[in-house]
Amino acid sequence: MPAGKTNFIRQIIDEDLRTNKWDGRVMTRFPPEPNGYLHIGHAKSICLNFGIARDYKGICHLRFDDTNPCKEEQEYVDSIKEDIRWLGFDWGEHEYFASDYFDQLYEWALQMIRNGQAFVCDLSAEEIRQTRGTLKEPGQPSPYRDRSVEENLDLFQRMKDGEFPDGSRTLRAKCDMASPNLNLRDPVMYRILHAHHHRSGDKWCIYPMYDFTHGQSDSIERITHSICTLEFEDHRPLYDWYCDTLGIYHPQQIEFARLNLTYTVMSKRRLLELVRDRHVNGWDDPRMPTISGLRRRGYTPESIRDFCDRIGVAKADNTVEIQMLEHCLREHLNKVAPRYMAVLNPLKVVLTNYPDDQTETLEAVNNPERPEDGTREVPFSKVLYIEREDFMEDPPKKFFRLSPGAEVRLRYAYFIKCEEVIKDADGEIVELRCTYDPATRGGDAPDGRKVKATLHWVSAAHAVDAEARLYDHLFVKENPGAVEDGQTWIDNLNPDSLKVVSGVKLEPELAKVAAGAHVQFERLGYFCADAKDHAPGKPVFNRAVTLRDAWAKIQQK
RNA sequence: UGGGGAGUCGCCAAGUGGUAAGGCACCGGGUUUUGGUCUCGGCAUUCGCAGGUUCGAAUCCUGCCUCCCCAGCCA
C-alpha cells in the first residue's frame with residue numbers, strides 16, 4: 001500500500017500493536033470456498049489480507065473453506081491458487097483446508113455435547129425453520145433440546161457412523177432461542193450429508209456448518225485478525241460464542257464492505273449462471289470480472305493491485321465505476337506496453353506518385369514512454385491500409401483527419417494528401433488515391449508546414465491478417481440487477497459485448513508477439529494476444545481497453 | 001416493525017473538536033509525429049435532516065430520515 005494510505009482495519013492493527021494485544025503478531029488469512037472462480041471482489045480481499053501481512057511483517061494463510069462437499073471441486077482450488085499467485089501473492093507453506101480440521105472439530109462437538117452445550121435434533125429442515133421464530137418473535141425450543149448427554153453422544157456417534165439418512169437429524173448448539181439475532185437461535189453445527197468430499201473422500205457423512213468451522217479454523221491457525229465481508233457481521237456474536245464456549249484462542253473478526261462494480265455482476269451465483277447457460281465462454285471469458293477473465297482480457301496484476309489500493313477499504317456499501325479499473329490498466333500499460341500499428345477496419349490507399357515496386361523501411365519508436373525500449377523497422381510501400389474511420393468525404397468542422405484535399409501525416413512515414421476517392425457501384429468508398437511528399441520522410445516537413453493529424457497505417461504488401469476481439473461491458477446497465485416488470489438481470493446483457501473482427505491488418509513485427517503479450521495498437525487501445533487462441537501464423541488479439549478518445553467525445557456533442 | 005451495519009462532490013474515499021485530503025469521472029488551457037501520454041487550472045462555504053453543547057462541530061449529545069444485511073441442514 002502506498003505510503004500514507006490507510007484504512008480502518010489497519011488502524012485497528014496499529015492500535016493492537018501499540019497495546020501488544022497479540023504479542024506483536026499479525027496473522028491474516030484468505031479463506032475462499034472452492035466452489036467457483038475468484039473475481040475482482042476477491043482480489044480486493046486478497047490484496048487486503050496479503051497486503052497487511054506483507055506490510056506488517058506478518059503472515060497470511062490461504063485456507064480453503066471446504067465444509068460443503070456438494071459444491072466444492074478440485075478444479076476450483078487449482079484455479080484459486082493460480083489466480084492468487086498470478087496476482088503476485090505467496091502463501092508459502094501456509095496452505096490449509098478446513099477439511100483438515102474435521103477431526104478436531106468433531107472432538108469439539110463432542111466436548112460441547114458432554115458439557116450440555118449441544119444436542120442432536122430430530123427436527124426436519126422445515127420444522128427447524130418453523131420453530132426458529134421470526135425477525136420479531138423468538139423461536140421455540142426444539143423438543144429434543146433436553147436429551148441426556150448419553151443419548152446425544154450415542155445419537156451423534158450413529159450420525160457419524162452413517163446410520164441415518166441425509167437431513168434426518170442435526171447437531172445443534174444450545175445457544176439462545178430467544179435471541180434477536182437469528183444466528184444464535186440454536187444454530188446447526190453438523191448436518192448429515194452422505195456425499196463424497198474432494199479431499200476427505202468418504203470418510204465423513206456428517207459435515208460441520210460454516211459457523212462451527214470458520215472461527216475454530218482461525219483459532220487453530222492462531223489468526224489475529226479475521227477479515228471478512230459485511231454480511232458476516234451478524235455472525236460475529238456466534239463466532240465469539242463458539243470460541244468462548246470452547247475455551248479456545250479467540251481471534252478478532254473484522255468486517256468490511258465488499259466490492260461492487262458498474263456494468264457487471266459479482267455474485268458467485270450469477271457468475272456461475274453466466275457460465276452454465278453459455279452467456280459467456282467459460283469462467284475465463286474476457287468479459288467476466290473473474291481474475292482469469294481479466295487476465296485473458298489483458299489486465300495485468302499490477303493494474304489490479306493498484307485498483308485495489310485506490311478503491312480503499314471501508315464499511316459503507318459501494319459500487320465503484322468500472323472506469324476506475326480501466327484507468328488503472330491504461331496507466332500501467334501506457335508505461336510498459338510496446339506500440340504497434342494495426343488497422344482494424346482497413347481502407348486501401350494508393351500513393352499515385354510512389355514508385356510501383358519500391359519498399360522502404362522506416363524506423364518506429366517502440367514506446368515513447370520508455371526510449372530505452374528502442375525502435376523497430378516498419379515496411380512502407382505504394383499500397384497501404386488506413387483506418388476507415390480516419391477518412392471522411394464530407395468532414396465536419398473539427399475533423400482533423402484525412403478528407404479530399406487534406407494533408408495528414410502517416411506515422412513515422414510521410415505526409416500524404418488525398419487526391420481522389422474511388423467508389424464501387426453501390427457508392428461505397430473502396431480506395432483513396434493520394435500523393436505523398438518525399439521530402440517529409442520520417443514525418444517532418446523541411447519547410448516547417450504542420451499537419452493536424454497523424455494516422456496509423458500498414459503496408460498492404462507486408463500486412464499480416466489477424467482476428468481481433470473487441471470487448472465492451474458485459475451489461476448495458478450500470479446496475480444489471482435493477483430490472484423492470486418481469487425482466488431479469490439476464491435481460492440486461494449487452495448484445496454487443498463482443499465483436500469479432502477478422503481481416504485486421506498488422507504490421508509484420510506485431511504478428512510475432514507471443515500469446516499473452518500486452519501491446520498497444522496505436523491510436524486504438526491496449527490489446528492482448530489471446531492466451532488460448534493466439535498462435536504464430538494465426539494471430540488473435542483481445543482488446544483490453546480502448547485509449548481515451550477525445551475525438552469520440554467531440555463527436556458526441 | 002426485532003437485531004446488526006452504513007450515510008462526506010456524479011463514483012470511491014481521507015478526516016477521530018480547530019475551520020472539508022486524494023483518486024476516478026467531468027470541464028477548460030498548454031505540450032505533443034498516438035485527438036494517447038504529460039502538464040496547468042476548474043470542480044463540497046459544506047459533510048442525510050433537525051435541534052442542542054462549544055469560542056469553535058463532518059467530528060460530541062438528542063430526535064428523525066434513508067439505504068444495506070439477517071428467518072440455508074450455503075459460505
Side-chain angles (χ1 to χ4, degrees), chain A residues 4-7 11 31-33 35 65-68 70-72 121 123-126 128-130 132-139 166-172 179-185 187-193 206-207 209-211 213-214 228-237 255 257 259 262 268-269 309-328 330-331 334-335 339 341 364-365 368-369 398-401 409-413 442-444 451-456 478 520-525 546-554:
Chain A
K5 273 211 149 192
T6 188
N7 58 53
Q11 288 173 352
E33 182 191 9
N35 70 341
D65 222 332
D66 55 350
T67 58
N68 186 344
C70 307
K71 304 201 314 197
E72 296 149 7
C121 181
L123 257 25
S124 67
E126 174 62 19
I128 286 185
R129 176 150 53 79
Q130 284 169 352
R132 181 150 31 223
T134 65
L135 293 180
K136 295 182 66 174
E137 292 147 24
D166 289 1
S168 59
R169 280 174 232 263
T170 57
L171 181 71
R172 291 227 259 164
S179 172
N181 181 341
L182 294 289
N183 295 120
L184 265 24
R185 319 245 261 229
V188 171
M189 295 162 62
Y190 271 89
R191 74 286 215 185
I192 301 172
L193 246 27
I206 54 172
Y207 290 92
M209 298 290 291
Y210 165 85
D211 287 309
T213 305
H214 200 87
C228 61
T229 44
L230 253 28
E231 66 271 25
F232 291 102
E233 221 151 13
D234 284 341
H235 293 247
R236 190 175 61 227
E255 311 84 11
L259 169 67
T262 56
K268 276 192 185 177
R269 196 202 103 233
D309 282 344
R310 289 189 195 224
I311 59 175
V313 177
K315 296 196 71 163
D317 290 334
N318 63 87
T319 302
V320 176
E321 293 176 339
I322 197 149
Q323 287 88 327
M324 179 88 90
L325 217 209
E326 294 172 342
H327 168 82
C328 293
R330 287 193 188 102
E331 189 171 88
N334 174 53
K335 288 188 212 121
R339 274 61 167 170
M341 290 195 284
V365 175
E369 303 294 316
K398 291 193 169 177
F399 186 81
F400 302 150
R401 280 110 97 143
R409 171 169 39 232
L410 293 182
R411 181 141 231 229
Y412 300 125
D444 282 307
V451 97
K452 296 187 88 171
T454 300
L455 310 186
H456 61 280
E478 279 199 12
Q520 183 193 104
F521 286 9
E522 290 221 25
R523 302 210 304 135
L524 297 174
T546 61
L547 252 32
R548 286 183 64 213
D549 188 351
W551 168 236
K553 276 181 189 164
I554 293 169

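Labels below follow one simple rule: chain letters A, B, ... track the order of the sequence lines, proteins then strands, and each chain is numbered from 1. The figures that follow rest on heavy atoms only: side chains count, while hydrogens, waters and symmetry mates do not.
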Syn or anti for B:rG22, please, going by whether the chi angle lies within 90° of 0. anti

Which part of the nucleic acid does A:His235 contact within heavy-atom distance under 4.0 Å: base, sugar-phosphate only, or nothing? base

Of the listed B:rG10, B:rG36, B:rC68, the closest approach to the A:Asn334 side chain comes from B:rG36

Toward the 5' end of RNA chain B, by each residue's nearest nucleotide, A:Leu410 or A:Asp166: A:Leu410

Of all the nucleotides listed (B:rU34, B:rG35, B:rC24), which has the minimum atom distance to the side chain of A:Ile554? B:rG35

With a 4.0 Å cut-off on heavy atoms, is A:Arg339 in touch with a base, just the backbone sugar-phosphate, or nothing at all? base

Starting the side chain at C-beta, find the nucleotide from B:rG3, B:rG36, B:rA75 nearest to A:Ala550. B:rG36

What does A:Gln520 touch in the nucleic acid at a heavy-atom separation under 4.0 angstrom: a base, only the sugar-phosphate, or nothing? base

What distance, rounded to whole Å, do you find between the two C1' atoms, one in B:rC12 and one in B:rC26? 15 Å

Does B:rU53 pair with anything, Watson-Crick or G-U wobble, both distances under 3.5 Å, and if so, with which nucleotide? none

For the residue pair A:Asn183 and A:Pro237, establish whether any side-chain heavy-atom pair is separated by less than 4.5 Å. no

Check every atom of B:rC74, B:rC27, B:rA71 against the side chain of A:Lys71 and return the nucleotide holding the closest atom. B:rC74

Which value, in whole Å, describes the distance between the C1' atoms of nucleotides B:rC55 and B:rC64? 29 Å

For A:Ala125, which contact category applies under a 4.0 Å heavy-atom criterion: base, sugar-phosphate, or nothing? base

Please determine, for B:rC64, whether a Watson-Crick or G-U wobble partner exists with both distances under 3.5 Å, and give it or none. B:rG48

Considering only the C1' atoms, how many Å lie between B:rU54 and B:rG18, rounded to the nearest integer? 12 Å

d(CG, A:Leu184; C1', B:rG2) in whole Å: 14 Å

Minimal heavy-atom distance between A:Thr170 and A:Arg172, with the atoms involved, is OG1-CG, 3.5 Å

To the nearest Å, give me how far apart CD (A:Glu478) and C1' (B:rC24) are. 13 Å

note: A:Glu326, atom CD; B:rG36, atom P; distance rounded to Å ~ 17 Å

Inter-nucleotide P distance (B:rC27, B:rG10), Å rounded: 16 Å

May I ask you to verify whether the side chain of A:Asp234 and the base of B:rG3 hold a donor-acceptor pair under 3.5 Å? yes

Provide the distance between the two C1' atoms, one in B:rA20 and one in B:rU8, to the nearest whole Å. 8 Å

Determine the contact category for A:Phe521: base if any of its heavy atoms lies under 4.0 Å from a base atom, sugar-phosphate if only primed atoms, P, OP1 or OP2 are that close, otherwise nothing. nothing

With rounding to the closest Å, how many angstrom separate the C1' atoms on B:rC43 and B:rU59? 25 Å

What does A:Leu182 touch in the nucleic acid at a heavy-atom separation under 4.0 angstrom: a base, only the sugar-phosphate, or nothing? base

Of the candidate nucleotides B:rA6, B:rU34, B:rA75, which contains the atom at the shortest distance from the side chain of A:Leu547? B:rU34

Tell me which nucleotide among B:rG2, B:rU34, B:rA6 gets nearest to the side chain of A:Lys315. B:rA6

Given A:His456, which partner from the list A:Arg339, A:Arg523, A:Glu522 fulfils the side chain to side chain donor-acceptor pair (under 3.5 Å) test? A:Arg523

Among B:rC73, B:rG35, B:rG5, which nucleotide has an atom closest to any side-chain atom of A:Val188? B:rC73

Nearest-Å distance for atom pair CD1/P, residues A:Ile322 and B:rC12: 14 Å

For atom C1', what is the distance between B:rC9 and B:rG22, given to the nearest Å? 13 Å

Nearest-Å distance, CZ (A:Arg330) to C1' (B:rG35)? 14 Å

Map A:His327 and A:Trp551 onto RNA chain B by nearest heavy atom, then report which one ends up closer to the 5' terminus. A:His327

Here the pair of heavy atoms bringing A:Lys268 nearest to A:Glu33 is NZ-O, 3.1 Å

Sugar-phosphate, base or nothing in reach of A:Ser124, heavy atoms under 4.0 Å: base

So what does A:Arg129 touch, heavy atoms closer than 4.0 Å: a base, only the sugar-phosphate, or nothing? sugar-phosphate

Assign A:Thr319 to base, sugar-phosphate, or nothing according to its heavy-atom contacts below 4.0 angstrom with the strands shown. sugar-phosphate

Distance check: side-chain N/O of A:Arg169 vs OP1/OP2 of B:rC73, anything under 4.0 Å? no

Using a heavy-atom cut-off of 4.0 Å across all strands, would you classify A:Glu33 as base, sugar-phosphate, or nothing? sugar-phosphate

Does the side chain of A:Leu325 reach to within under 4.5 Å of the side chain of A:Val320, using non-hydrogen atoms? no

Regarding A:Lys398, tell me which of base, sugar-phosphate or nothing describes its non-hydrogen contacts under 4.0 Å with the strands shown. base

Once you apply a heavy-atom cut-off of 4.0 Å, does A:Pro31 come out as touching a base, just sugar-phosphate, or nothing? nothing

Among B:rA13, B:rG3, B:rG5, the nucleotide that comes nearest once only the side chain of A:Asn181 is considered: B:rG3

Roughly how many Å is it from CG in A:Asp317 to P in B:rC11, rounded to a whole number? 13 Å

Hey, is the side chain of A:Glu369 pairing donor to acceptor with the base of B:rG36 inside 3.5 Å? yes

Given side chain to side chain donor-acceptor pair (under 3.5 Å), test A:Arg411 with A:Thr454 step by step and report yes or no. CA-CA 6 Å; A:Arg411 181 141 231 229; A:Thr454 300; 5.9 Å; no

For B:rA71, give the paired nucleotide (Watson-Crick: N1-N3 plus N6-O4 or O6-N4; G-U: N1-O2 and O6-N3; both under 3.5 Å), or none. none

Nearest heavy atoms of A:Gln323 and A:Thr262, plus distance in Å: OE1-OG1, 4.3 Å

Going by ring centres under 5.5 Å and near-parallel planes (under 30°), is A:Tyr210 stacked on B:rA75? no

Proximity to the side chain of A:Arg191 - top-ranked nucleotide from B:rA6, B:rC24, B:rC73: B:rC73

Any chance you could measure A:Glu369, atom CD, to A:Asn334, atom CG, to the nearest 0.5 Å? 4.0 Å

Whole angstrom value for the distance that separates C1' of B:rC69 from CZ of A:Arg236: 13 Å

Using a heavy-atom cut-off of 4.0 Å across all strands, would you classify A:Tyr190 as base, sugar-phosphate, or nothing? nothing

Can you check whether A:Arg132 has a side-chain N or O nearer than 4.0 Å to OP1 or OP2 of B:rC73? yes

Assigned partner base of B:rA58, Watson-Crick or wobble definition, under 3.5 Å: none

Smallest separation among heavy atoms of A:Asp317 and A:Leu230, with atom names: OD1-CD2, 3.9 Å

Any strand: nucleotide that pairs with B:rC38 via Watson-Crick or wobble, under 3.5 Å: B:rG30

Between B:rU66 and B:rA50, how far is it from one P atom to the other, in whole Å? 16 Å

Does A:Gln11 reach a base, just sugar-phosphate, or nothing at all? Heavy atoms under 4.0 Å. base

Kindly point out which of B:rU34, B:rC26, B:rA75 is positioned nearest to the side chain of A:Arg523? B:rU34

